[in-house]
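Hydrogens, waters and symmetry mates play no part in the numbers below; they use all other heavy atoms, side chains included. Quick caveat: nothing in here was measured; it's all calculated off a predicted structure.
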2 protein chains.
Amino acid sequence: MITTVLFDIGDTLVRAAPPATAVGDLVAEPFDGVVRTLRALAGSYRLGAVTDTSVMTSADVRTALGGTGLDGLLEVIITSSEIGAAKPDSRGVHAALAALDAGAAETLLVGDSDRDEAAARAAGVRFARVGGDHDLADAVRRALTEVDGAFTAAAALVGPVDDGAADRARVHHDRLTKPRGSLGRLEALGIQLAGIAGCEPPPVPAPAAVAVFAADHGVATEGVTPWPQEVTAQMVANFVAGGAAINVLARQAGASVTVVDVGVATDLIDAGVGAPTTLERRRVRAGTWNLAKGPAMTPEEVRAALDVGADLAVRLVGSGARALVTGEMGIGNTTAAAAVIAACTGRPPVAVTGRGTGIDDSTLRHKVDLIEHALRRMAPDAPPEAVLAEVGGLEIAALAGFIVAGASLRVPVVLDGVITCAALLVAARMCPPVVPYVVAGHRSPEPGASAVLEALDLEPVLDLGLRLGEGTGACLSVGILEAAARVLADMATFESAGVGAVR
Amino acid sequence: MITTVLFDIGDTLVRAAPPATAVGDLVAEPFDGVVRTLRALAGSYRLGAVTDTSVMTSADVRTALGGTGLDGLLEVIITSSEIGAAKPDSRGVHAALAALDAGAAETLLVGDSDRDEAAARAAGVRFARVGGDHDLADAVRRALTEVDGAFTAAAALVGPVDDGAADRARVHHDRLTKPRGSLGRLEALGIQLAGIAGCEPPPVPAPAAVAVFAADHGVATEGVTPWPQEVTAQMVANFVAGGAAINVLARQAGASVTVVDVGVATDLIDAGVGAPTTLERRRVRAGTWNLAKGPAMTPEEVRAALDVGADLAVRLVGSGARALVTGEMGIGNTTAAAAVIAACTGRPPVAVTGRGTGIDDSTLRHKVDLIEHALRRMAPDAPPEAVLAEVGGLEIAALAGFIVAGASLRVPVVLDGVITCAALLVAARMCPPVVPYVVAGHRSPEPGASAVLEALDLEPVLDLGLRLGEGTGACLSVGILEAAARVLADMATFESAGVGAVR
């Protein structure tokens, strides 16, 4: 497990100064996103720097970094001029490890050159190289994923949203040719998108990518749903063939759909060659155990499902997605979601359990009883991973990983109904800074969904009474998100349009 | 003014039977839309038919038409075999006029041939010819427009929505691969679209066309708004140049924007060559009179503005628009809208008057006082045209015409904020069957808007706190309307997808 990250500075964190620059003239210019990446990492890791310079002391480097924000994030800075040895010599790295009281095996060095790599190898620490694109977060993510998995890497890279960019968007809104505040929620969404992306105007969050995580639930045998379990696999085939509601809505929104079997219980049906939707076979196990009778899954299975979700988010954004849409399918999953929500909010099951796809009063009472019974097995302060293992679902865990990774990639993550709300709640308990990266696409009529939105202070974009899941409500809101970004980018200002302001 | 419409039957209302068909074998097959057109016309006109047949009596023709619904809509049917004279002889037309007690000058004959036309001319009645596309409504509209204007023609052609198509959509929804009713409002919208278009699945209501009607208000000088009147013309230039919010949202929705100067008070600013938005110069007059001091306009000006709106709707749909989006711009127009809404609903002005683009408490009180004062000039049961003349606006009248014509063309008309709500209220008073053709795009925070939505039992699609007008809230909902149509057309059924239903 990595606990400590060291960085080379020149051409890794900041643009390297020309060789002959006088020390007093150095003005550090960090690469895009570097400050946000270090700010995120500082939440869970000890950070230091090892830099080669023939003339500067560590104090000089701190002075040069002053104003970038990097200075305050690096606990220790070791320079070759002070240590008397430049990389590939490992003495600088050793000095940093000693200063941070860190072991070599738990340390990662990030640099841009062969000399950095050689020094890391000599010191016995892991090495990650930033490429020509200077994408530090990407380099760190790859290295952390290799050691600790995609979910841990993602959680490490979620930092606060960029309040400066959000403020610039707020100010810009008041210059646009409209009465102040007259675009209502659309203005708030544009400001949120600017904070997420860290620029103003924010990029249009298109194309969006919908991920539909499918899994089965042992509790389905308890009579909490009128649908047979085989419907999960049948619907996976329907998604793959392009005939489900989410396929139709995604095409309308210009979004891709990826279906992930993270835990379907029955055999998948072959959808035939040339099916329009990507199917990912990432089954962690064939459905959870019956949560009415014992833990739904093991901690290792929770971790594997978290990684499946995080890994997919990284690949989707890597392929060009600029917004992630949460979707799911799983017969019985509103029972697991309600249990997770009750456990994480402390609200009584009766207050957060709903009718799912449509059950009668006596079935609802049975569903509530069963959840109450299951929750008695857990301590009230059980950590979120333990809640997932005891009463969660494989798709809920995967969605939590997906949400956290989306936030770590600084793209908006659009929430759908109650299952995705349960996943967000768990994600927010594991990684609190994810919340401002999330847009609640719609208000599900399930009481658990509203409980989560209220607990996390999220206001949904739409309220159309959708209770289907699959990502449908989220997908419908995508066009409105895009509009919010375009307004900031494309509207004229009072000045540019020659429109008189309020007299 | 036309009061009576006569029709030829073969190749005008129904596909003509081959010459040698035996009378007993005749099964009338009406052309698409003919029954709906006659049903609409029957609301305001006396209808009859004059048909040439060597063997059939009027009773035979009624028998052949039985089951089409046309039989009950034609008050009188004259056949050449009974009258002893075929067209171009005018005796059949004269017999129909006598039976309906109608004068030649107030009558229109609709046919498909030169003989029909010659008979009409000989009888001194107007003639309209259906073309090779058998678009009866189009032929009737052109003739009625020539005599009585585009608004009257449109109002004549608004009939009930097609309940049969709506029912088929409702039934089809329950076959689609989702729990019954789980797409909430999206299902209701799809059913409404089927009823409007008269087919299932309904056509996708795209592309949409936004019309922004701009006009000034004499009442703006009374201190009811903080914005100078010149802003109306400045914003028209901004629309034409493509820099306003509605331009951005329309591009996002794939919709065109047409700006109509129906009553701007000041000179328009030249937006330059190659501006992206169409500007229509249809100024009825340079702003209304100050409604605080007397009637806003004359009845003739109301009528002219109604025609401007109706005419544009016809041309937009003729150019391919499949949904119409209502928009407006006019400094001071929330005052006129509140006055119209108070007059038409009977609610007190204080209950339906809002802050528009943002005014303080004392300005709001002044606005309410002024409306109360103006309404005292009118009888409580003043007809809608009189309300428009006394306290309305040129853009409100144009929007009413636009809405009515949209309904007559059987395309959905998307309502925006309080100004368009006032226009709908007036339109619904003049032509009650328009209401089910309207989709309330969003809920404006103006109290008058909610009063209208409640009075007409309309539930808005969005509620995002927009209070800008221009058509922005309506335009944002267009993607959701499109999605509602696509769901019905493109989703798989339980049967086609091999998905098991509820056990």
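- With respect to chain A, the highest number of heavy-atom pairs below 4.5 Å among B:Leu189, B:Asn238, B:Val204 belongs to B:Asn238.
- The shortest non-hydrogen separation linking B:Leu183 to A:Ala245 is CD1-CB, 4.2 Å.
- Within the 4.5 angstrom heavy-atom criterion, atoms from both the backbone and the side chain of B:Val461 approach chain A.
- The shortest side-chain heavy-atom distance between B:Lys178 and A:Thr472 does not fall under the 4.5 Å cut-off.
- Contacts between A:Arg251 and chain B at a heavy-atom distance below 4.5 Å involve the side chain alone, from C-beta outward.
- Here the closest heavy-atom approach between residue A:Thr177 and residue B:Ala244 is recorded as OG1-CA, 4.2 Å.
- Heavy atoms of A:Leu462 lying under 4.5 Å from chain B belong exclusively to its side chain.
- Contacts between residues 476-484 of chain A and chain B, defined by a heavy-atom separation under 4.5 Å, are made by A:Leu476, A:Gly479, A:Ile480, A:Glu482, A:Ala483.
- Of all the listed residues (A:Gly473, A:Gly184, A:Gly243), the one sharing the greatest number of non-hydrogen pairs under 4.5 Å with chain B is A:Gly243.
- For the atom pair CE (A:Met491) and CG (B:Asn247), the distance works out to 9.0 Å, reported to the nearest 0.5 Å.
- For the atom pair CD of A:Glu187 and CG of B:Leu466, the computed distance is 8.0 Å after rounding to the nearest 0.5 Å.
- Ranked by heavy-atom pairs under 4.5 Å with chain A, the first of B:Pro445, B:Pro179, B:Ser182 is B:Ser182.
- Judged as a salt bridge (charged side-chain N to carboxylate O under 4.0 Å, His left out), and not counting sequence neighbours, A:Asp360 has no contacts.
- Of the residues considered (B:Gly181, B:Ser496, B:Gly242), B:Gly181 shows the highest number of contacts with chain A, using heavy-atom pairs under 4.5 Å.
- Note on residues 459-470 of chain A: no pairs pass salt bridge (Lys or Arg N to Asp or Glu O under 4.0 Å), not counting sequence neighbours.
- Contacts of A:Arg486 classified as side-chain hydrogen bond (donor to acceptor under 3.5 Å, both in side chains), with partners at least two apart in sequence or in another chain: B:Gln252.
- Between A:Leu249 and B:Leu186, the closest side-chain pair of non-hydrogen atoms falls below 4.5 Å.
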